[in-house]
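Model, not experiment: these values are computed from the prediction.
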Amino acid sequence: MSPLSAPPALRVRNLRKAFQDVVAVDGLDLEVRAGECFGLLGPNGAGKTTTIEICEGLTDRDSGEVEVLGLSWEKDARRLRERLGIQLQETQLSEKLTVHETLSLFRSFFPRGPSADEVIARVQLEEKRNSRVGVLSGGQKQRLALACALVGEPDLLFLDEPTTGLDPQARRQLWELIAELQRAGRTILLTTHYMEEAERLCDRVAIMDHGKVIALGTPRELIASIGAGHVVRLSSAGRQLDAAAFGALGCVAAARTEDGAVEAQVEQLHDALPALLDELERQGQPLTELRVHSATLEDVFMAFTGRRLRDE
């Protein structure tokens, strides 16, 4: 059975959850295919963690339907716990236990799975096998948390903001581990607010904002949906530029002002750059900065919401 014809690993319908007057998840629909790495993206407060905690059986929903591996938490809680791997946004482990002791403890909770030493090798912590958790670096602790999620040989792996707070080198090391799991056919649901992380790891992504999915598709599909393959940033030392005038150009899909500069979304650079520079000259402004980058999921989020994730 192909991944597309197989039953979904996760199906969510009209999911709702509120905390007093704050609606965290607002009528969410979601489906994760077997064998894919699915990214749940969005700023802090978008509802990502609440959604994933409901799917993990850690938080009760107010209404809606949640089906995990064809099972429900109401009827099949024990069976589900044996088949899921969970890395929480913050994992608190006993700092006095060693890496091997920690993984041996977690392995004892599951009826099947690799040995503690096998998982230590998988996450490249052999040199820290007998080190206490308290002396590990941030990246090593994150790899240990991932190892704890893998000891039961899970059919579905939940990773909630797995690289938050890590330095760039540690983040890329964890990306390599996740990519290896993906290549092995593991089904992964990943939440993140790093768009580069999602573009690199995920087969499909859903962008969340205010408890709703505002965009869904492959990273390439979502980037193509904004009708612009590139973003051009123009700055001038003179008065603020007129973004509306740039946006009115036929070669520009959209334009906005940010920190005194204009960012224009364009498809064909060879047509757009001369037109943008001509418009800058028409406005009587000297060019002090010109930057061009390929469109990213960050630009998709900005196109849908009018703001960037880094503003959150």
So, taking the atom named [atom1] in [X] and the one named [atom2] in [Y], what distance separates them when rounded to the nearest 0.5 Å?
X	Y	atom1	atom2	result
Leu40	Thr49	CG	OG1	9.0 Å
Leu290	Leu273	CG	CG	6.0 Å
Leu69	Leu84	CG	CG	6.0 Å
Glu161	Ile52	CD	CD1	9.0 Å
Arg78	Leu80	CZ	CG	12.5 Å
Thr191	Gln89	OG1	CD	6.5 Å

State, with a plain yes or no, whether a side-chain heavy atom of [X] is found less than 4.5 Å away from one of [Y].
X	Y	answer
Val205	Leu190	no
Leu287	Leu234	yes
Asp209	Pro43	yes
Ser108	Leu105	yes
Arg129	Val99	no
Asp203	Gln182	yes
Lys141	Leu93	no
Thr102	Cys148	yes

Next on the checklist: If we ignore hydrogens and angles and just use 3.5 Å, is the side chain of Glu56 paired with the main-chain N or O of Ile86 as donor and acceptor?
Outcome noted: no
Checklist entry - Judged by atom type as modelled, is there a donor-acceptor pair below 3.5 Å linking the side chain of Arg172 to the main-chain atoms of Trp175? => result no
Basic-acidic side-chain contact under 4.0 Å: [X], [Y]:
X	Y	answer
Asp26	Lys212	yes
Asp160	Lys48	no
Glu180	Arg186	no

Next on the checklist: Show, in sequence, the C-alpha distance, side-chain angles and deciding distance for Thr51 and Val12, and conclude whether the side-chain contact (heavy atoms from CB on, under 4.5 Å) test is met.
Outcome noted: CA-CA 9 Å; Thr51 298; Val12 174; 5.6 Å; no
For residues [X] and [Y]: do they belong to one hydrophobic cluster (side chain heavy atoms under 4.5 Å, members Ile, Leu, Val, Met, Phe, Trp, Tyr)?
X	Y	value
Trp73	Leu15	yes
Leu157	Leu103	yes
Leu174	Val133	yes
Val292	Val231	no

Heavy-atom pair with the smallest gap, counting every atom of [X] and [Y]:
X	Y	answer
Ala245	Glu279	CB-OE2, 3.2 Å
Glu36	Glu31	OE2-O, 4.2 Å
Ser131	Leu136	CB-CD2, 4.4 Å
Val213	Ala206	CG1-CB, 4.1 Å

Under the rule for side chain to side chain donor-acceptor pair (under 3.5 Å), what residues qualify as partners of [X], not counting sequence neighbours?
X	answer
Thr59	Glu53
Arg81	none
Gln268	none

Next on the checklist: Between Asn130 and Thr98, is there a side-chain donor-acceptor contact under 3.5 Å, judged purely by atom types and distance?
Outcome noted: no
Checklist entry - How far apart are the C-alpha atoms of Arg204 and Leu216, what are their side-chain angles, what is the distance that settles it, and do they pass the side-chain contact (heavy atoms from CB on, under 4.5 Å) test? => result CA-CA 7 Å; Arg204 290 189 304 141; Leu216 174 66; 4.2 Å; yes
Looking at [options], which one forms a side-chain contact (heavy atoms from CB on, under 4.5 Å) with [X]?
X	options	answer
Leu41	His193, Glu199, Met195, Glu197	Met195
Phe246	Val232, Thr257, Val266, Leu241	Leu241
Ile188	Leu201, Leu159, Val32	Leu159

Checklist entry - Does the salt bridge (Lys or Arg N to Asp or Glu O under 4.0 Å) test come out yes or no for Glu82 and Arg79, once each step is laid out? => result CA-CA 5 Å; Glu82 292 177 350; Arg79 291 172 61 193; over 6 Å; no
Checklist entry - After noting the C-alpha distance and the side-chain angles of Met302 and Arg256, does the key distance pass the side-chain contact (heavy atoms from CB on, under 4.5 Å) rule? => result CA-CA 10 Å; Met302 189 268 287; Arg256 69 189 291 265; 2.9 Å; yes
Item to check | Among Arg13, Arg11, Lys75, salt bridge (Lys or Arg N to Asp or Glu O under 4.0 Å) partner for Glu67 | outcome: Arg11
Next on the checklist: Before you tell me yes or no, could you show the steps for Glu74 and Arg61 under salt bridge (Lys or Arg N to Asp or Glu O under 4.0 Å), namely the whole-Å CA-CA distance, both residues' side-chain angles and the distance that decides it to 0.1 Å?
Outcome noted: CA-CA 11 Å; Glu74 290 78 12; Arg61 64 188 183 275; 3.0 Å; yes
Next on the checklist: What verdict does the salt bridge (Lys or Arg N to Asp or Glu O under 4.0 Å) test give for Glu101 and Lys96, after you've listed the backbone C-alpha separation in whole Å, the side-chain angles of each residue and the deciding distance to 0.1 Å?
Outcome noted: CA-CA 10 Å; Glu101 289 169 343; Lys96 294 187 177 181; over 6 Å; no
Next on the checklist: Run the side-chain contact (heavy atoms from CB on, under 4.5 Å) test on Val119 and Phe106 for me, step by step, so that the C-alpha distance in whole Å, both residues' side-chain angles and the decisive distance to 0.1 Å come before the verdict.
Outcome noted: CA-CA 11 Å; Val119 180; Phe106 274 78; over 6 Å; no
